[in-house]
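Okay, so here's the structure we're looking at.
What you see below is based on every heavy atom in this structure, not just the backbone, and it leaves out hydrogens, waters and symmetry mates.
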There are 2 protein chains.
Amino acid sequence: MTSTQTEELLKFFKALAHESRLRLLGLVAQREHSVQELAAAVGVTEPTASHHLAMLRDLHLVSRRTEGNTHWYAYVPDALARLAKQVLSREGVAKLAATPARNSPEAIVANYLGDDGKLTHIPAQRKKRYAVLSWLVRKFEEDRTYAEREVNELLQRYHWDSATLRREFIGYRMMERDKGIYRRLSDFDWRSADGSEPIAY
Amino acid sequence: MTSTQTEELLKFFKALAHESRLRLLGLVAQREHSVQELAAAVGVTEPTASHHLAMLRDLHLVSRRTEGNTHWYAYVPDALARLAKQVLSREGVAKLAATPARNSPEAIVANYLGDDGKLTHIPAQRKKRYAVLSWLVRKFEEDRTYAEREVNELLQRYHWDSATLRREFIGYRMMERDKGIYRRLSDFDWRSADGSEPIAY
DNA sequence: TATCTAATTAGACGCGTGTCGAATAAGATA
DNA sequence: TATCTTATTCGACACGCGTCTAATTAGATA
């Protein structure tokens with residue numbers, strides 16, 4: 001078990017360590033809200049609300065569904081539940097002492113990221129490629145499907161060669177394709193698939 | 001139920017939203033540690049470690065016991081357990097949406113605090129005086145006794161008239177005195193004592 | 001197609017806070 | 001008493017991050 005776990009937990013605490021985001025979370029925990037509603041309720045501008053919501057969504061604390069121009073945000077309880085469980089036991093807390101893992105997937109990925117946030121290149125070495133791909137596939141949501149066009153668009157934010165990346169996703173069983181429609185598979189389906197250490201999520 | 005609850009929760013998340021503090025907490029969750037040990041393990045200087053530990057101690061996440069020159073810090077699980085419980089239920093999260101309470105004890109206290117962090121004066125109005133006192137008494141630890149000299153020293157960080165404050169603590173049953181030795185009483189002993197709204201802790 | 005609405009992205013600015021070195025406090029030891 | 005050890009407080013600095021306005025994207029409607 002790498003200390004990726006600790007880093008993940010840290011991300012959650014950082015995400016929750018802000019009044020605006022806490023209140024956003026509280027609001028969506030009551031019912032779905034649009035960005036406008038949320039911005040007004042919290043007392044910030046829409047860009048700011050959008051910014052915070054993106055952060056919460058990255059951590060799968062909230063989900064988003066689109067209806068016309070409007071984006072409806074909803075609460076996703078799972079992530080917080082996992083956090084609470086870990087923090088409930090002393091052993092869980094004690095694990096936080098772990099020194100930041102050298103060779104953690106994050107560290108590997110960082111080596112391939114340029115200043116613009118894009119990948120400089122796709123690693124050839126199996127383990128590193130795996131790390132990068134598993135990081136990348138998490139940019140996709142689990143609960144929806146993507147047209148090939150959408151997959152390409154999202155991938156090209158990180159690297160020009162979306163075709164190769166798409167193919168690799170399928171190969172590693174991180175995504176499945178059916179009649180040109182893509183869906184991200186759950187971590188549990190593919191992690192450890194190459195025999196390397198599982199990546200904590 | 002005031003939104004003080006939300007503010008408390010926010011404090012916890014802020015405290016935990018930092019790698020150094022998370023690791024400090026992890027270390028003390030394993031066993032008692034001195035400041036030196038902790039600083040070395042986390043890779044910061046002693047002043048920095050001390051600073052973080054003070055923060056964790058304010059929130060009762062860790063406790064401190066003195067042995068000669070050495071301060072031993074230990075883990076206190078209760079606070080995190082409470083946090084976990086609230087965050088585990090959707091209702092608990094939904095409460096976070098509450099708009100920041102005007103008239104919260106914190107807001108009252110803020111009115112009497114100067115830029116130097118000291119009280120400009122002691123409120124005369126009963127409810128406000130109560131709010132300030134209950135805030136002030138929390139500067140004392142629950143699990144130890146204080147000599148009158150120590151009580152005065154601590155109080156004078158906030159106001160010159162420590163004698164009046166001491167007397168009020170006794171009157172409100174926030175402290176008890178026995179043969180010149182003072183001890184902070186638990187919140188549960190005195191909150192709501194004056195019939196005002198309970199102060200969430 | 002042109003326009004309007006909702007949301008996100010980009011870029012800039014200011015404040016909070018984590019860090020350090022230096023100074024101070026408090027206890028132990030010679 | 002003088003010195004050494006451990007920890008805390010003080011003051012200053014730097015950087016991260018939350019916020020805003022402006023610009024852009026994407027969909028709906030006329």
Those residues that, when tested against [X], pass salt bridge (charged side-chain N to carboxylate O under 4.0 Å, His left out) (two or more places apart):
X      : result
A/E67  : A/R65
A/E46  : none
A/R57  : A/E141
B/R166 : B/E148

With sequence neighbours left out, write down each residue that passes side chain to side chain contact (heavy atoms under 4.5 Å, CB included) with A/L10, or none if nothing qualifies. A/K14, B/E19, B/L22
With sequence neighbours excluded, what pairs up with A/T70 under the side chain to side chain donor-acceptor pair (under 3.5 Å) test? none
Write down the distance between [atom1] ([X]) and [atom2] ([N]), rounded to a whole number of angstrom.
X      : N      : atom1 : atom2 : value
A/E19  : C/dC15 : CD    : C1'   : 16 Å
B/H51  : C/dG16 : NE2   : P     : 15 Å
A/M55  : D/dG18 : CE    : C1'   : 8 Å
B/W72  : D/dT8  : CH2   : C1'   : 18 Å
A/L154 : D/dT25 : CG    : P     : 16 Å
B/K14  : D/dG16 : NZ    : C1'   : 14 Å
A/R65  : C/dA7  : CZ    : C1'   : 15 Å
B/L56  : C/dT17 : CG    : C1'   : 15 Å

Measuring to OP1 and OP2 of [N], would you say a side-chain N or O of [X] lies under 4.0 angstrom away?
X     : N      : answer
B/H52 : C/dT19 : yes
B/S20 : C/dT19 : yes
B/H71 : D/dT8  : yes
B/R64 : D/dT8  : yes
A/Y73 : C/dA6  : no

With a 4.0 Å heavy-atom cut-off, tell me which residues in residues 38-48 of chain B come close to DNA chain C, sorted by residue number. B/V44, B/T45, B/P47, B/T48
When you compare the protein's N or O atoms with those of nucleotides 27-30 of chain C, which come within less than 3.5 Å of each other, and at what distance?
{"residue": "C/dG27", "atom": "O4'", "partner": "B/N69", "partner atom": "OD1", "Å": "3.2"}
{"residue": "C/dG27", "atom": "N2", "partner": "B/N69", "partner atom": "ND2", "Å": "3.4"}
{"residue": "C/dG27", "atom": "N3", "partner": "B/N69", "partner atom": "ND2", "Å": "3.2"}

What I want to find out is whether A/E8 reaches A/R82 closely enough, with some N-O distance under 4.0 Å, to be called a salt bridge. no
Could you work out, with ring-ring contact (aromatic ring centres under 6.0 Å, His included) as the rule, every residue matching B/H18, not counting sequence neighbours? B/H52
Does [X] reach the main-chain N or O of [Y] with its side chain, forming a donor-acceptor pair under 3.5 Å?
X      : Y      : answer
A/R184 : A/E176 : no
A/R21  : A/L16  : no
B/Q86  : B/L83  : no
A/R23  : A/A41  : yes
A/D161 : A/T164 : yes

How would you list all residue pairs meeting ring pair (Phe, Tyr, Trp, His ring centres under 6.0 Å) that involve residues 24-45 of chain A, not counting sequence neighbours? none
Terminal helix-axis angle for the helix from C/dT1-D/dA30 to C/dA30-D/dT1, with five pairs defining each axis and rounding to 10 degrees: 10°
Within residues 26-36 of chain B, those residues having any heavy atom closer than 4.0 Å to DNA chain D are B/S34, B/V35, B/Q36
